[in-house]
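Reading through the structure tokens given below for one structure.
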Amino acid sequence: MNRARVLLLNSALGALDYRVPNDMAVEAGSIIEVPLGPRRIAGVVWEEERFPDARTVANDRLRPIAWASPAPPLPAPLRRLIEWTADYYMAPLSAVLRMALSSGAALTDQRTIIEYRATGLVPDRLTPQRQQALEAIGDFQGIPRELAEKADVSLAVIRGLIKAEALEAVEVEANAPYAAPQPKYAAPALNQAQQAAADRLTAAVDKSGDKDGFQTFLLDGVTGSGKTEVYFEAIARAINDDRQVMVLLPEIALTEPFLKRFAARFGVQPVAWHSGLRQSERRRAWLAVARGQAKVVVGARSALFLPFPNLGLIVVDEAHEISFKQEDGVHYHARDVAVMRGLFEKCPVLLASATPAIETRHQVALGRYEEIRLPSRFGGAQIPDISGIDLLQTPPDRQRWIAPPLVKAMAETLEKGEQALLFLNRRGYAPLTLCRHCGYRFQCPNCTAWMVEHRISHRLACHHCGHVMPTPRECPECHEEDALVACGPGVERIADEVNQIFPDARTAIVTSDTLWSPERAAEFVESVEQGLVDIIVGTQLITKGYHFPNLTLVGVIDADLGLEGGDLRASERCFQQISQVAGRAGRGEKPGHVYLQTRMMDAPVIKALLSGDAQRFYETETENRRIAGAPPFGRYAAIIISDEDANLAASIARKLGKSAPQTEHLHIYGPAPAPLAQLRGRHRHRLLVHASRTVNIQAAISHWLKSVTWPASVRVTIDIDPYNFL
Ligand code: ADP
Ligand code: ZN
């Protein structure tokens, strides 16, 4: 009798035993489907030890496994990673497992996928919907659901177009192998510091898979020092050793330039993995990874759970970026999970950053991570000078945001035929819209947040839940027409101002609204490289990765933004963000200059940026954290209680607060209404757990929450090591 313990893709069920039919071979990690009542449900065969208390059923009552996927079993190190992630972040195992089985299609043995593309034929009956669909689809090809999403029409419209022969089926080979990157294709000559760094890393890659093959490195190099070139050498070595490589990037907007750069170095593009892939692309990539055929995968944080059988190196680029922290579903931090994956895979992990997080520096100080430094920019390029513009001394005109000294610097830059970048981390036209006549303010109906005006798309949008409405002509309260005024600036408004001051300059706005796909990002890069853009106005999306040699001026519109609000990491984040955006200036032969507009010339973080004394800033910040027992010296966990019913949410939060454990080294603050007291129609209360490093915070929380019950409508979300204190 052959039985198998199966972890089901359903958090309410956990693991159940099934019978393995005689003609089926499964092992730990095998991806299967099992009967559950009248349905079939996916699962993975798992080690029994993990579920000692699984409901046991007598042999003769076991139901048989229904189907086994031809895909390779999930490798053991990945299974350990799934367990660790679930335990550490207090998430259901099945929720983490789901992230590893991220391509349903890859699990079947289907060899081709049917996609559809336009034939050019215009149907006789051309409804507005059909027309809209055909326009939006253009040259795009995909399965019907993807086409419907792209065109924002119903599936029925797509089906109608197929029937009318305006769209035709194309059979896509879903198993086509990827071309292999060539380690020696265009290897650069490294300078001395780069070579030393590369040597250290390639030696570590050679040890990958050995008992002591795990080692975490911090590649700490100023912007433009050649960190990417250096870790490319480590990648080259891994390819040479016939191992796989995972590269994590913080934004999918960065993948496209990265793919190009990689292709220039290795002759072919790496395999991309992100949420924007078509189903056929996902399937192809997932399977090629699982079979060890995809050598180098570059992706967003979800690439972490791909089933590499033969990982030889993990790179986390821009490792300090907080977008590595996932804020919905399983609340994990991709940087930290990447390190754990390296541990289980016994391979080196490289964190690259010009502004490493205090947590990461601390690991270096403890001797757990090895630091490799690249102290200067490549090829004699200089780190740009940074000057402050005191907005209290030289303010901009009324209803303007660019102060005279910055306007002057921009004029000089344009005069020389060079490019400028203005940075403001705020999407849209204005963060708040109100009625001049009655004072009415537009607030999101679902969230405690103002509606943000987007003038380009003529809409008001909530940046928290996505609620949008057309910008009305009259005030909904007093019905006065044309009385709405925009308060404060967003990037669109700054771009307007630039166009008024420099009517001949060509501007580009860079936000997630304008660069919403890798293709759009690539178009943008190309237009800047070809000199078709004079002034870029952008949010944090522009702060990292880009290399524009002719960009010599950076202006930070509001350096103080984000310093208010009392977030634990506010100063650090401000320092990182401004250092990164400053790092876009003067990357080529021409020197760069950076201006920070601020009302707080004396704030320590502004002083540190102006003096360039990063070391001192980090020391002071670290000391402040030590005194406060904040991470990395202590731990936080946030517990958010939410419900559509405000009273219910409040009462469960109080109930939880009352039953909080009274232990030494563990403090619980709250409950209090969360700063975002309402989000997506749910009322939110927050408890903040603060613990010393000696406490097992997960065990304490788990024990505590088990002692309290709440109705099913109430959602209790646990966020270990929270980054977002909203
Ligand atoms: P970082 O990742 O540290 O910001 P990059 O790797 O992007 O730095 O390097 C900055 C620029 O310098 C890039 O255009 C890169 O191609 C170039 N560069 C760096 N090192 C070398 C080298 N050894 N040979 C040629 N070009 C280099
Ligand atoms: Zn909202």
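Whatever order the structure lists them in is the order used to number ligands and atoms, beginning at 1. Start at 1 with the first residue, then count along the sequence.
From the protein, the heavy atom lying nearest to atom 16 (O) of ligand 1 is E229 OE2, 2.9 Å. Counting protein heavy atoms only, atom 4 (O) of ligand 1 is closest to G224 N, 2.8 Å. For atom 11 (C) of ligand 1, the closest non-hydrogen atom on the protein side is H547 CE1, 3.5 Å. Among protein heavy atoms, the minimum distance from atom 20 (N) of ligand 1 is reached at Q194 NE2, 2.9 Å. The nearest heavy-atom contact from the protein to atom 2 (O) of ligand 1 is T228 OG1, 2.8 Å. The single protein non-hydrogen atom nearest to atom 6 (O) of ligand 1 is R261 NH2, 2.8 Å, given as residue, atom name and distance. Among protein heavy atoms, the minimum distance from atom 18 (N) of ligand 1 is reached at F378 CD2, 3.4 Å. Taking atom 8 (O) of ligand 1 as the reference point, the nearest protein heavy-atom neighbour is G226 N, 3.0 Å.
In the vicinity of L190, heavy-atom distances shorter than 4.0 Å reach the ligand 1 atoms 23 (N). Close approach of ligand 1 to P188 (heavy-atom distance below 4.0 Å) involves ligand atoms 24 (N).
Note: F617 and F575 have parallel aromatic rings, judged against thresholds of 30 and 60 degrees for the angle between ring planes.
With respect to D719 and K325, a salt bridge is recorded, a charged nitrogen being found less than 4.0 Å from a carboxylate O. In this structure, E371 does not pair ionically with R200, as no charged nitrogen and carboxylate oxygen lie closer than 4.0 Å. Using a cut-off of 4.0 Å between Lys/Arg side-chain N and Asp/Glu carboxylate O, E359 and R569 are scored as salt-bridged. No salt bridge links E621 with R361; every basic N to acidic carboxylate O contact stays at or beyond 4.0 Å.
Vertex the Zn ion (ligand 2); arms to C444 atom SG and C465 atom SG; angle 100° (nearest 10°). Here the angle centred on the Zn ion (ligand 2), running from SG of C462 over to SG of C447, is 110°, rounded to 10°.
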### Task
Please test E233 against R265 for salt bridge (Lys or Arg N to Asp or Glu O under 4.0 Å), starting from the C-alpha separation and ending with a verdict.
CA-CA 10 Å; E233 292 317 295; R265 167 68 183 79; 3.1 Å; yes

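Separation of atoms CG (D513) and CD1 (I509) is listed at 9.5 Å; rounding is to 0.5 Å. Atom OG1 of residue T223 and atom CG of residue L374 lie 11.5 Å apart, to the nearest 0.5 angstrom. Here E251 contributes atom CD and L541 contributes atom CG; the two are 5.0 Å apart, rounded to the nearest 0.5 Å. Rounded to the nearest 0.5 Å, atoms CD1 (I640) and CZ (R684) are 4.5 Å apart.
Between R301 and the options Q326, H274, H333, a side chain to side chain donor-acceptor pair (under 3.5 Å) holds for only Q326.
With 2.8 Å as the limit, H463 does not count as an N, O or S neighbour of the Zn ion (ligand 2). Distance check for H464 against the Zn ion (ligand 2): none of its N/O/S atoms falls below 2.8 Å. Between the Zn ion (ligand 2) and H467 there is no N/O/S contact shorter than 2.8 Å.
Residue contact check for ligand 1: R587 places a non-hydrogen atom closer than 4.0 Å to it. Heavy-atom distances between G221 and ligand 1 stay at or above 4.0 Å for every pair.
Residue contacts with ligand 1 for V222 involve N, CA, C or O but no side-chain atom from C-beta outward (heavy atoms, distance under 4.0 Å).
Remark: the H362 side chain and the T622 side chain contain no N/O donor-acceptor pair separated by less than 3.5 Å.
Residue A189 has at least one nitrogen or oxygen atom sitting less than 3.5 Å from a nitrogen or oxygen atom of ligand 1, judged on distance alone. On a distance-only criterion, K227 and ligand 1 share at least one N/O pair closer than 3.5 Å.
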